[in-house]
Amino acid sequence: MAGERMVTVNVVVLAGTVAADPVDRTMPSGDEVTELRLSVPETGKRLLPLPVAVWHKTVGKRAVKGIAKGDDVLVYGQLARRFYRSGAGARSLTEVVATGIKKLDPKEEE
């Protein structure tokens with residue numbers, strides 16, 4: 001098996017509820033990003049909070065326009081892990097980097 005290439009796939013599709021109002025940030029490079037926290041049902045009744053980064057350069061600012069806390073959304077993307085240093089030492093964060101996001105229409109009452 002030496003020399004064989006391993007195929008890797010890093011694709012995430014999540015449906016969940018926006019847990020807090022999205023935050024727009026401008027990075028030192030000038031790139032803009034919208035950060036949001038998505039609550040996704042986990043096994044049982046627990047909700048798993050996941051950080052999502054929506055880069056305007058990749059997805060577009062219009063994609064996140066009108067998305068607010070409590071909205072149900074569908075997020076397409078990839079998992080990414082960032083490492084950074086703070087006063088408390090080295091830390092890491094695993095987040096979803098969105099390649100697409102769509103606000104889901106509320107269910108019509110029958």
Side-chain angles (χ1 to χ4, degrees):
M1 294 226 177
E4 287 186 34
R5 290 180 44 184
M6 185 170 83
V7 175
T8 58
V9 178
N10 183 353
V11 177
V12 176
V13 179
L14 298 168
T17 304
V18 179
D21 285 323
V23 176
D24 292 325
R25 298 193 190 284
T26 302
M27 306 310 278
S29 63
D31 292 336
E32 295 179 276
V33 63
T34 298
E35 297 173 339
L36 53 96
R37 188 163 288 291
L38 190 66
S39 289
V40 178
E42 196 178 11
T43 306
K45 295 184 180 182
R46 290 182 10 188
L47 291 176
L48 180 64
L50 293 171
V52 176
V54 183
W55 292 90
H56 298 181
K57 180 170 47 172
T58 306
V59 180
K61 191 171 189 170
R62 296 171 81 195
V64 291
K65 185 176 182 182
I67 292 178
K69 180 180 178 179
D71 289 341
D72 291 327
V73 295
L74 188 62
V75 175
Y76 306 90
Q78 299 177 326
L79 288 177
R81 194 161 188 196
R82 290 188 289 141
F83 296 92
Y84 60 95
R85 294 198 179 275
S86 67
R91 306 187 119 204
S92 68
L93 170 71
T94 302
E95 67 183 352
V96 176
V97 176
T99 56
I101 187 167
K102 179 181 178 186
K103 184 175 177 180
L104 298 175
D105 293 329
K107 294 179 185 172
E108 292 183 21
E109 294 184 27
E110 296 179 17

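Side-chain atoms are counted along with the backbone in the values below, which use heavy atoms only and exclude waters and symmetry mates.
Checking side-chain atoms of Asp21 against main-chain N and O of Lys69 turns up a donor-acceptor pair under 3.5 Å. In this structure a side-chain-to-backbone donor-acceptor pair under 3.5 Å is present from Asn10 to Leu79.
Listed by chain and number, the hydrophobic cluster partners of Val23 come to none, as no ILVMFWY side chain reaches under 4.5 Å of it.
For the atom pair Thr17 OG1 and Leu47 CG, the distance stands at 7.5 Å (nearest 0.5 Å). Here the straight-line distance linking atom CD of Glu95 with atom CG of Leu36 works out to 10.0 Å at 0.5 Å rounding. Ile101 contributes atom CD1, which lies 4.0 Å from atom CD1 of Ile67 (distance to the nearest 0.5 angstrom).
Minimum interatomic distance between Gly100 and Val59 (heavy atoms only, all atoms of both residues): N-CG2, 4.1 Å. When all heavy atoms of Leu38 and Val18 are compared, the pair lying nearest together is CD1-N, 4.0 Å. Closest approach of Pro41 to Ala15, counting heavy atoms only: CD-O, 4.2 Å. The nearest pair of heavy atoms linking Pro22 to Thr34 is CB-CG2, 3.6 Å. Between Val52 and Ala98 the shortest heavy-atom distance is CG1-CB, 4.1 Å.
Applying the salt bridge (Lys or Arg N to Asp or Glu O under 4.0 Å) test to Arg46 and every residue at least two apart in sequence or in another chain returns Glu42.
Only one option out of Asp31, Thr26, Asp24 pairs with His56 in a side-chain contact (heavy atoms from CB on, under 4.5 Å); it is Asp24.
Hydrophobic clustering (ILVMFWY, side-chain heavy atoms < 4.5 Å, transitive): Leu104 and Val13 are in one cluster. Cluster membership for Val40 and Val96, using ILVMFWY side-chain heavy atoms within less than 4.5 angstrom, is shared.
Between Leu93 and Pro51 there is a side-chain heavy-atom pair separated by less than 4.5 Å. Contact annotation: the side chain of Val75 never approaches that of Val12 to less than 4.5 Å [non-hydrogen atoms, C-beta and beyond].
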